[in-house]
Number of protein chains: 2
Amino acid sequence: MQEMITIFQDYLQQNGLRLTSQRELIARTFFQNRGHISTEEIYRQVRKIAPGIGFATTYRTMKLLAESGLASLRRFGEGFSRYEPAGTAEHHDHLICTKCGKIIEFENDRIEALQKSVARRHGFHVTDHKLEVYGLCRKCRQ
Amino acid sequence: MQEMITIFQDYLQQNGLRLTSQRELIARTFFQNRGHISTEEIYRQVRKIAPGIGFATTYRTMKLLAESGLASLRRFGEGFSRYEPAGTAEHHDHLICTKCGKIIEFENDRIEALQKSVARRHGFHVTDHKLEVYGLCRKCRQ
DNA sequence: AATTAATATGAGAATCATTGTCAAGAAAAA
DNA sequence: TTTTTCTTGACAATGATTCTCATATTAATT
Ligand SMILES: [Zn+2]
Ligand SMILES: [Zn+2]
Ligand SMILES: [Zn+2]
Ligand SMILES: [Zn+2]
């Protein structure tokens with residue numbers, strides 16, 4: 001966690017940017033949350049501690065976190081963005097409950113391998129992918 | 001193609017709606033295009049024939065086409081929606097070139113099966129999914 | 001320290017795809 | 001024909017995100 005801030009600071013410095021109190025607070029808030037948090041939610045939490053902070057700053061900082069490689073942007077088709085920690089975590093995909101919003105992460109090497117093989121067959125060089133499986137979680141099935 | 005219009009008309013009638021000239025033109029324009037077309041593009045094409053048409057009507061009609069099951073909404077993270085024919089076509093996923101925008105469709109039963117098995121393992125009942133593989137197509141790799 | 005240069009912030013305007021509102025029009029029903 | 005229902009187009013509204021800009025902060029230079 002402390003190291004995260006350090007990594008962030010390094011990234012900022014290398015780009016001639018500064019680690020301000022606002023940026024640090026936003027970054028810390030992000031790190032101490034579980035993944036898949038919306039910018040809006042970060043903004044709300046941050047305001048409890050520093051009520052004067054603006055949402056523009058929140059948006060800007062989340063973008064910086066993503067650029068630094070510490071956060072990954074996710075769009076689950078809800079009409080807004082979410083971020084999740086991306087420091088050392090490996091790639092994963094998502095299982096999303098359409099009723100309660102529960103998100104489960106999974107990774108499956110065989111699926112990944114099959115994707116690459118399909119892509120190769122079409123002459124594509126894969127750089128990224130997005131797999132979202134929607135459905136009802138155990139609870140929501142009743 | 002004619003049958004598509006008929007199916008659309010049936011859907012409308014069953015819901016107490018009418019097949020107006022605007023709706024018919026928008027539907028025909030949609031059907032005679034290849035898939036993955038944006039609402040904006042439909043709107044442009046339609047206006048060449050009926051310049052007075054409004055974009056609200058275009059949006060509304062595309063929505064109706066989707067509800068009728070004749071069109072499928074796709075969001076490729078470009079910030080806007082696309083539609084593709086969904087009449088009899090089977091499910092498929094997408095391979096997207098991040099440089100030229102080329103889109104290739106594919107289907108792979110093994111991937112689908114693996115998705116279901118992962119979901120089952122987590123107690124999920126799958127209703128839908130979205131798999132987008134991004135990369136560079138043969139041309140764009142140089 | 002004083003001055004100058006660069007970067008950051010918050011408030012609010014702007015953007016952009018999409019949807020809502022509503023008065024006027026067209027079609028169907030009575 | 002009158003009444004009811006559904007459509008339309010113009011334009012306002014929405015909501016997430018970005019931009020603008022005047023005002024702070026901080027860093028660099030003298
Ligand atoms: Zn659920
Ligand atoms: Zn995740
Ligand atoms: Zn390409
Ligand atoms: Zn497709």
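Below, each value reflects all heavy atoms present in this structure, side chains not excepted, and no hydrogens, waters or symmetry copies. Owing to the predicted nature of the structure, the values given are computational and were not obtained by experimental measurement. Proteins get letters first, then strands, A, B, ... in listed order; numbering begins at 1 in each.
For A/Met62 and D/dA16, the CE to C1' distance is 15 Å, given to the nearest whole Å. In this structure, A/Arg18 atom CZ and D/dA27 atom P are separated by 6 Å, rounded to whole Å. The distance between atom CG of A/Leu12 and atom P of D/dT26, rounded to the nearest whole Å, is 15 Å. In this structure, CZ of A/Arg60 is placed 7 Å from C1' of C/dA8, rounded to the nearest angstrom. Atom CD in A/Glu78 sits roughly 18 Å away from atom C1' in D/dT14 (whole-Å rounding).
Taking the side chain of A/Ser81 as heavy atoms from C-beta on, and the options D/dA10, D/dT17, C/dA6, the nearest nucleotide is D/dT17. Among the nucleotides C/dG12, D/dA16, C/dT7, the one closest to any side-chain atom of A/Phe80 is D/dA16. In the set D/dC19, D/dT26, C/dT18, the nucleotide with an atom closest to the side chain of A/Ala56 is D/dC19.
Both A/Phe55 and A/Met62 sit in one connected hydrophobic cluster of ILVMFWY residues. Membership requires side-chain heavy atoms under 4.5 Å apart, directly or through other members.
Within residues 25-55 of chain B, the residues that place at least one heavy atom under 4.0 Å from DNA chain C are, in residue-number order, B/Phe55.
Every pair passing salt bridge (Lys or Arg N to Asp or Glu O under 4.0 Å) that includes a residue from residues 65-77 of chain B is listed here, sequence neighbours excluded: B/Arg74-B/Glu84.
At the heavy-atom level, B/Arg23 lies under 4.0 Å from the strands shown only through sugar-phosphate atoms.
One finds a side-chain N or O of A/Lys63 lying less than 4.0 angstrom from the OP1 or OP2 phosphate oxygen of D/dT18. Contact annotation: A/Tyr59 reaches the phosphate of D/dT17 (side-chain N/O to OP1 or OP2, under 4.0 Å). For the OP1/OP2 pair of C/dA26 and a distance below 4.0 Å, the side-chain nitrogens and oxygens of B/Thr20 include no atom meeting the criterion. Phosphate proximity of D/dG9 to B/Gln22: present, with a side-chain N or O under 4.0 Å from OP1 or OP2.
The residues B/Lys116 and B/Glu112 are annotated as not salt-bridged, no charged nitrogen and carboxylate oxygen being separated by less than 4.0 angstrom.
Proximity of a side-chain donor or acceptor of A/Asn108 to a complementary backbone N or O of A/Arg110 within less than 3.5 Å is detected. At least one donor-acceptor pair closer than 3.5 Å links the side chain of B/Arg141 to the backbone N or O of A/Gly123. A distance-only check finds no donor-acceptor pair linking the side chain of B/Thr57 to the backbone of B/Ile53 [under 3.5 Å].
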